[in-house]
Amino acid sequence: MSTATEPSEGRESTETMTIRAALREALREEMERDEGVFVMGEDVGVFGGVFDVTGDLVDQFGEERVRDTPISEAGFAGAGVGAAATGTRPVVEIMFSDFLGVCMEQLMNQAAKNRYMFGGKTEMPLTIRTTEGGGMGAASQHSGTVHTWFAHFPGIIAVAPGTPEAAKGLLKSAIRSNDPVMVFENKMIYEREGPVPTDPDFTIPIGEASVEREGEDVTVVATQRLVGESVDLAEDLDGDVSVEVIDLRSLYPLDTDTIVESVEKTGRLVVADESPLSYGTHAEVMARVNEEAFFSLDAPMQRVGVPDTHIPFSPVLEEEVLPGSEDVRAAIDRVV
Amino acid sequence: MSTATEPSEGRESTETMTIRAALREALREEMERDEGVFVMGEDVGVFGGVFDVTGDLVDQFGEERVRDTPISEAGFAGAGVGAAATGTRPVVEIMFSDFLGVCMEQLMNQAAKNRYMFGGKTEMPLTIRTTEGGGMGAASQHSGTVHTWFAHFPGIIAVAPGTPEAAKGLLKSAIRSNDPVMVFENKMIYEREGPVPTDPDFTIPIGEASVEREGEDVTVVATQRLVGESVDLAEDLDGDVSVEVIDLRSLYPLDTDTIVESVEKTGRLVVADESPLSYGTHAEVMARVNEEAFFSLDAPMQRVGVPDTHIPFSPVLEEEVLPGSEDVRAAIDRVV
Amino acid sequence: MVTIDLETEAGRREALRRMCSIRAFDSTAGELFADGEIPGFVHLYIGEEAVGVGACAALDEDDYISSTHRGHGHCIAKGLDPEGMMAELYGKREGYCNGKGGSMHIADVDSGMLGANGIVGAGPPLATGAALTAQVRGEQRVSLSFCGDGAVAQGQVHEAINLAATWDLPAIFLVENNQFGEGTPVEKQHNIENLSATAEAYGIPGITIDGMDVTAVYEAVSEARERARAGDGPTFIEADTYRFRGHFEGDPEPYRDEEDVSAWQARDPIETFAERLIERGELTEEEFEAIEEEAEREIEAAVENAREAPEPTPEEAYEDMFSQPVPEITDFARGDVRADGGDR
Amino acid sequence: MVTIDLETEAGRREALRRMCSIRAFDSTAGELFADGEIPGFVHLYIGEEAVGVGACAALDEDDYISSTHRGHGHCIAKGLDPEGMMAELYGKREGYCNGKGGSMHIADVDSGMLGANGIVGAGPPLATGAALTAQVRGEQRVSLSFCGDGAVAQGQVHEAINLAATWDLPAIFLVENNQFGEGTPVEKQHNIENLSATAEAYGIPGITIDGMDVTAVYEAVSEARERARAGDGPTFIEADTYRFRGHFEGDPEPYRDEEDVSAWQARDPIETFAERLIERGELTEEEFEAIEEEAEREIEAAVENAREAPEPTPEEAYEDMFSQPVPEITDFARGDVRADGGDR
Ligand SMILES: Cc1ncc(C[n+]2csc(CCOP(=O)(O)OP(=O)(O)O)c2C)c(N)n1
Ligand SMILES: Cc1ncc(C[n+]2csc(CCOP(=O)(O)OP(=O)(O)O)c2C)c(N)n1
Ligand SMILES: [Mg+2]
Ligand SMILES: [Mg+2]
C-alpha cells in the first residue's frame, strides 16, 4: 500500500532531531502545505500538548487550526470524522491511548466503517495521534499499549514509529492519506534522536517495515521503544550473535514480505512489542511467519511483551512488567 | 482457573434446549439463587430483549431486577461497575457487540483495572452479555465480532460458547465469578439445540476448552457458530479425514493444554473463528501452539475468519466474507 | 436559499409531494420486508414525515444533515433518489452504497447527507464535524443532525451539543421525539417534560414544536438556520411526533396500546397538511390523490428497478475498504490464501 | 448520621483540622514530587479543601463517594488514613493499593471511597452504580460523585446524571469548578455561566455555591442527601473554587496570570474559615496554629513511615489481576516462559 503521494527519495540531506521535534515538524509542514489540515485536542494550543508535541504551532497557525477542545473525546473525535468526510484533514490528538475507550465508538463504527458501508463513496482523511506505553510511573490508566485493537479492527490504518525518521515520515503520510490512520507514539521515546530528511516532501510509505540493522542468526521484529533497545542490544551482542532488527513501523497493513525474507535468512524470530502478550501484536507477526515461512523456522518463535497485567504504579513493579532489552535478550537466548 | 464454585458434575440428567433457552435458564437460576443478581439493558424487560433472551424474566423478578435502561451504554455499564464494586452482581446486556465501543472506557479502564489498581481490594462480579456475528443482513454496525479485543485486554475474562451446554454453564460461572466476565453470544445460533444438564448447580469452569469430537488427522479449534459447523463438517468428512473439533469456549484464559494435547496427536491445526483475520483470535491460538507444540507440527497452521472487511449488507457479499463450513474444509484440505 | 420554500404555494405542494413519497417508500419497504424480499432490519418513518421534510425544506442543498437508523425519510427529504435507495435496500450494486450499506447506512455526502447510522447518538458529532469544516473553511453552510428521543440519553449527543455551543458552530440539533426508544417510553428514559430543556445545559435556544406540522418544523429550522449562519451558534429543536409502525418491522409492540396509536394517527402529518391546503384552496382532493398515486408509482418503479438490478459479485466484498490497495485484502480478494509455509 | 456535624463547635473544629490535614498532605506531596521522591503524576487539591471536607462531613460513613485524578482531598475528607495514602504515593506495599495505584488510584471501598480516577468523567457512572446497589438492596445509603468543571463536558457524566434522575437514585453530583480543565479555562469548555444549569436537562435541582466556604458546601450536600434519602432523586451542585497550584506538579501554567491566582488565594478556604471561628470566639490563633502544626506532624510521620516501608517485591506485579489464579499470569509470575516448542 502506498500513500497519496509516492514515497519521495529526498533523503540526501538530513538533520538530527528528536521524535518530538520530528512529529512537530511533520505537523507544521503539512499545515503549511494544505490549509485543510488542522489539529485539535485537549490543551494542544497555548499549553502545547501534555508531551509538548504541538508546542508552538498555535503561534503560527492560530487557535482555529490548533484547537483546544473541551474534554470530550467522543465528541471531538466524532467531529473529526464529520470534518474529514466533508473536506478537511483533521489531526486529532487523544492525550493518552487509554482514553481511546472514550471515543471508541466513533473510531470503530464511524471512522473505520463509513467508507465501506457507503460503498467507497466517502473519503476519511482523519489522523488520530495518541501516546502509549509505561515507564513514567503514570499507573494503569495512563500507561497502556492498545494498538493491537486498531491493528485488528478492519478499516483502520495503524502505525507505530520507533525512530525520528519514521515518526516524521509516517505522520506526514498519515495526514496525506484519505483513510483513517492512527499514529501510536510511545511516550518514553520523545527525546530519542536520529537523522531525519529535511526535504518537506519526504514521506514514508505506510505498510513498509524497515530493516534497522542487518544480521544473520535471529530476526527481532520490534516496535516503538523496543526498536531502539533492540538495536542497542544487537550492537552489544555483536560478535556473539548476529541480530537483524526490523522496525515494524506499520501495524496494519503489515509488511509480511520484509519479515518473511528476514526469517528465511535467519530461521529464528523474536517479536518485541509493548502490548500485553495474549492476543497481542506479536501473535499476528508470528501467524504470518507461520503461514509464509514455516519451513524456514529452526525454532519456535518467541515473543516479548507485557505479561498480561496492567502497568502498576510502583517503579519496582512497573520495571518488572515492562519489556526491555533483557527480555529481548532472554528470548534470543532461548532460540540461538 | 476455576470459578467461585467448583465445577459440578451433575450431568446425569439433561434436557434438550436451545442456546436462547439455556441462557435464559442460567439467568433465572442465578437470580433465584442470589438476590444480588440483577439484569439491566435496553429493552430487556417487557420487550424481552431484542433476541428474546431475557424473555419473560421481568414477570418473575420485577422491573427493578430486570431493568430497562435509557440508551446510555457508558452510563449503565459504568453503573454496573459501581454496583458490582458495592455488593451486587449485575448482568449487563449490550444489545450488539458493535455498541461496546460506546462503553469501552468503563470496561477497559474501570471494570478491567479496578481490582489491580486498587491492590486486589475490590471485587468486580460484573457480567456483560452481548451478541456478535454476521448472517442476518444487519450490515456493518450490527454484525461485528470483537471478542479479540477483550481476550487481549488484561483484567477481563472472555467466554464465547458454541453449544447450549456451554452457554448455560459459562453464563452461570460468569455470574458467580468475582471478576468481570464478558459473554459473547453469536446471534445466529440462538436456535441451536443440544442437551443441557438440568441440575441448577451445574456450571462449566471458565478456562476449559471442550473436545466436541475426537479425531486423529487434524485439529479444528472453533468458536461460537463455527463449532457446530465444524462438527457437522467433521461428520461429513468421516472416513476421509479424521477431524478433532475443539470448542474453545473460553477465550481468556485460554486452555492451551487441551489444544496442545490435540495438536501433539494430529500434528495439524485449523483455527476457525469469526473475528477478522489480522490480529484475530486465531493468531493467539497459533502462537500458543507454536510455543508449546512447534515440534509436533507437520504443516503450517491455518486460520479461517473474516477477510479483514466489515460485514457488508447484501446477502451475496455477506455470504462471501462470512467464514463457514467450506472455508474450514478448504483449510483442512491445505494441510492434510 | 432554501430547498423548498414553504412560503410559496409551489413549495407547499412540493413538501406534500415529498411527504407522500416518503410514505409510499416506507409503506412499500414494510411490505417488501414482510414478504422477505428485503433482508436485515427496516425502521420505518411513517407518521414522522413532517419532521424530515419540514427540516430539509428549510436547508440549502449545500447544507449537511446526519441521520439515524430511521433514515429513509431524511434521505428523501434531502433530495436523494428513491431509486438508488430502494436498490440499496435490495442490496444491489446500483444502490447508494453499492449494496454494502442497506437500509441503515444510506449516505450521499455529495448531496449533503452524511449517512443514516446504526449507532444511536452517533450522528450529532458527525454533523458537528461538518459544521466545523464550514467554520474552518469559512463556508456558509449549516449542518443539521436528526436524532431520536432515545438518543438524547447518549453522552456523545451531549458532547456534540457542547462543542457546537462553545465554538458557535453553524449546527442544528433536531430531536424527533416519537415517544419511544424501541419499546421504552420517553418517560422511562428521561426525567424532563420537554426534551428541549436539554438546551439549557448548553446556553442555546431550545424549543419544542409540533412535529406533525410540516410548517412548524420548517419555521423553527429556518430560524435556527438564520441564527447558525449569523454565527450565533446552534439551536436545539424538539419535534413531537409519533411512529405509526413498530420500532422495526416485525416488532410485536407489547409496550403500547392500540388507542394511543390511533390517537396519533388522527393527526397524520400528510392528511392534516393536505386538508389545510385544500381548505385554503391551494389543492383539490383530486390533486392530492394524484400526488399520492404518483408517489406510489414512483416507488413501484423503484422496486421494479431494484428487483431487476444486478447483484454485486462476491468479489466486490473486498472493495471499498480503503482508498488504496492493502495487501491483506488484495490477497483475500484473489482467493490467494496459501499459508503453505513457504519453501522447504 | 453525618460524619462531622458542622452545626457543633467540635464538628467545625474537626472540619478545620481535616482541611489542614489535606493542605499539609498536598503541600508535602508537592515538595516530595519536586524532589523526585514521588514518581508519576501528582495533582494537588490545595485551595479546594472546603469542597471535599464540607461534602464528606455531610455524608454518613456508610455513604459512598467517587473521586477524580485530584483525589487526595476527597480521601482525607472521607476519613482515609494519610499514612496509607502517603505509602501509596511512594509505591509501597503498605499503601492503600499495595503500591499498584499511586496518587491517581487511591481507593478504599470499605470506607465508601470508590476510587480516585485517572479518567476524567468516569466517576459519576460508578457512583451512580453504588446508588443503584442501594436501591436494589433497599439500603439507606447515598452516593456522591466529585468531578471537575472540565468533566462536565464528558458524555458519561451526562449519562450518569440521566440514569440517576430517571431512576430517582440516591445520588449527588458535586462539580468542583476550579475554573480550569488543565490549561483550558471553563469558558472555553462550556457555553453557560453556571454549570449548575446542567441540572435543567435532567429535571433535578441544581445550585451553584461558594466552594471556598466549607459551611456552604456542607449545607448544600446535607440538603441533597436528605432529598436522596427521601427517594426524591439526585441533586447537582456546582462549587466554585480554585486550584492554587498548577494542574499537575511541574505545570508551567502559561494559561493564567499571577493576579488571578492571588485574588483567589485571598479567599483561602482554611484561613477564612479559621478567621470566622476565631471571630466567633470558638478558636484562638494559637489553637489554629496548633492544629496546623499537628497536621504537618501527622503528614511528616506519614512520610517517614512511607520512606521506610518496604518496596513491593517484583513478583507482586503478578498478583491482584483476578480473584482466582489464571494460568497465563501464573506462568509469567513463575518466570516460566518456555516457548520451547514442546517435545521433538
Ligand atoms: C448505541 C446504540 N445502542 C442501542 C441501539 C439499539 N437501538 C436501535 S434504535 C433504538 C431506539 C432509538 O430510539 P430513538 O433514539 O428514540 O429513535 P427512534 O427509533 O424512536 O426513531 C435502539 C435502542 C443502537 N442502535 N445503538
Ligand atoms: C478521558 C480523559 N481525558 C483527558 C484526560 C487528561 N486530563 C486529566 S485531568 C484533566 C483536566 C480535568 O479538568 P477538571 O475536570 O476541571 O478537573 P481539575 O483538574 O480541574 O480538578 C485532563 C484533560 C483524562 N485524564 N481523561
Ligand atoms: Mg424515539
Ligand atoms: Mg477544573
Quick one: donor-acceptor pairs between chain B and chain C, under 3.5 Å, side chains and backbone, table format.
residue: B:D43; atom: OD1; partner: C:G183; partner atom: N; Å: 3.1
residue: B:D43; atom: OD1; partner: C:T184; partner atom: N; Å: 3.4
residue: B:D43; atom: OD1; partner: C:T184; partner atom: OG1; Å: 2.8
residue: B:D43; atom: OD2; partner: C:G183; partner atom: N; Å: 3.4
residue: B:E63; atom: OE1; partner: C:K188; partner atom: NZ; Å: 3.4
residue: B:I71; atom: O; partner: C:Q154; partner atom: NE2; Å: 3.4
residue: B:S72; atom: OG; partner: C:A153; partner atom: O; Å: 3.0
residue: B:E73; atom: OE1; partner: C:Q154; partner atom: NE2; Å: 2.7
residue: B:Q141; atom: OE1; partner: C:G118; partner atom: N; Å: 2.6
residue: B:Q141; atom: NE2; partner: C:N117; partner atom: OD1; Å: 3.3
residue: B:Q302; atom: NE2; partner: C:A339; partner atom: O; Å: 2.9
residue: B:F313; atom: N; partner: C:K100; partner atom: O; Å: 3.0
residue: B:S314; atom: N; partner: C:G99; partner atom: O; Å: 2.9
residue: B:E320; atom: OE2; partner: C:Y318; partner atom: OH; Å: 2.5

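Both the backbone and the side chain of C:V337 come within less than 4.5 Å of a heavy atom of chain B. Within the 4.5 angstrom heavy-atom criterion, only side-chain atoms of B:V102, from C-beta onward, approach chain C.
Distance check, rounded to the nearest 0.5 Å: CZ of B:F313 to CD1 of C:I106 gives 9.0 Å.
Nearest approach of B:A138 to C:F41, heavy atoms of both residues: CB-CE1, 3.7 Å. A pairwise comparison of heavy atoms in C:I329 and B:P307 identifies CG1-O, 4.2 Å as the closest pair.
By the 4.5 Å heavy-atom criterion applied to side chains, C:P314 and B:V316 are counted as neighbours. Side-chain contact between B:L277 and C:F332 is present, with heavy atoms from C-beta onward closer than 4.5 Å.
With chain B as the partner, the residue from C:G341, C:P312, C:P252 showing the most heavy-atom pairs under 4.5 Å is C:P312.
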